Amino acid sequence: MTTLIDLDAARREVQHPDGIAVLFRKRRFVFPAELPATALDTLLSEELDLAGFLGDIAITTSSSIAGEAIELLTKRPRFPAQLWKGFQDLYEALLGEEQYKEFIGCRPSFGDYVRLTKALAREYGVSLGKLFGLSGSSSTSGETSNPISSDSTGSTPEASGSNPGSQASSESAD
């Protein structure tokens, strides 16, 4: 007897066959419903070493993360250009050559890229912090963690540094 794992049925294209439409400067661009694994190749390359850069920032003991980032950039002067190339490659992989050229022709601003990248990351369910396993990475919305098992009570273990007699919680009571 064999077991069938139907990857086609689980793909987002089944639920969103027309992809993710983005309206920009009165033009419609269609991104794939699912993030192709190869789209991240340049951003995950050893040459760029984005994981190393983010890891260095995450473990900084400096009181100024911005200062630490600037110091790291002086040690890696090619990093900003490599990172920008990584994002260009990402968008071209997602849009395809023809749509990408049309998108670039609309002259997106840095802010446009930031907003679009954030929106697509939410759609694709991708977080750089999670992607690179950085525990210091956080988000201001959504769940912050997943239970380890279905028997999880959601409580914080004492070994994590909490005071056993304290009622303090990492959740806001807004």
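As the structure is a prediction and not an experimental result, all values here were calculated from the model.
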Quick one: closest heavy-atom pair of [X] and [Y], and the distance?
{"X": "Pro80", "Y": "Pro77", "answer": "CD-O, 3.5 Å"}
{"X": "Arg27", "Y": "Cys106", "answer": "NH1-SG, 3.1 Å"}
{"X": "Pro108", "Y": "Phe24", "answer": "CA-CZ, 3.6 Å"}
{"X": "Phe29", "Y": "Gln99", "answer": "CA-OE1, 3.2 Å"}

Q. Between Thr117 (side chain) and Val114 (backbone), is there a donor-acceptor pair under 3.5 Å?
A.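 Pair absent, no side-chain N/O of Thr117 close to backbone of Val114.
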Measuring from atom [atom1] of [X] to atom [atom2] of [Y], what distance do you get when rounded to the nearest 0.5 angstrom?
{"X": "Leu73", "Y": "Glu68", "atom1": "CG", "atom2": "CD", "answer": "10.0 Å"}
{"X": "Glu102", "Y": "Arg28", "atom1": "CD", "atom2": "CZ", "answer": "12.0 Å"}
{"X": "Gln88", "Y": "Ile104", "atom1": "CD", "atom2": "CD1", "answer": "6.5 Å"}
{"X": "Phe79", "Y": "Thr74", "atom1": "CZ", "atom2": "OG1", "answer": "13.0 Å"}
{"X": "Leu40", "Y": "Asp89", "atom1": "CG", "atom2": "CG", "answer": "11.0 Å"}
{"X": "Leu43", "Y": "Gln82", "atom1": "CG", "atom2": "CD", "answer": "11.0 Å"}

Minimum side-chain heavy-atom gap [X]-[Y] below 4.5 Å:
{"X": "Leu72", "Y": "Ile57", "value": "yes"}
{"X": "Ser109", "Y": "Arg115", "value": "yes"}
{"X": "Leu44", "Y": "Leu50", "value": "no"}
{"X": "Leu48", "Y": "Phe53", "value": "no"}
{"X": "Leu35", "Y": "Leu94", "value": "yes"}

Q: Say whether Leu120 and Val30 are linked into one hydrophobic cluster, either directly or through other cluster members, by side-chain heavy-atom distances under 4.5 angstrom.
A: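 No, separate clusters.
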Q: Group every Ile, Leu, Val, Met, Phe, Trp and Tyr by side-chain heavy-atom contacts under 4.5 Å, then state whether Val22 and Phe87 land in the same group.
A: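 Yes, Val22 connects to Phe87 through the hydrophobic network.
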Q. Hey, what's the ring geometry for Phe103 with Tyr91, parallel, tilted or perpendicular (30° and 60° as the breaks)?
A.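 If you compare the ring of Phe103 with that of Tyr91, the planes turn out parallel.
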Q: Please determine if Lys75 and Asp56 form a salt bridge, counting it only when a charged side-chain N lies under 4.0 Å from a carboxylate O.
A: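 No, Lys75 and Asp56 are not salt-bridged.
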Q. Does CD1 belonging to Ile5 count more than 12 external heavy atoms closer than 6.0 Å?
A.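 Count not over threshold, so no.
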(Q) Consider salt bridge (charged side-chain N to carboxylate O under 4.0 Å, His left out). Of Arg107, Lys118, Arg25, which one does Asp112 pass it with? (A)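 Among Arg107, Lys118, Arg25, the one that satisfies the salt bridge (charged side-chain N to carboxylate O under 4.0 Å, His left out) with Asp112 is Arg25.
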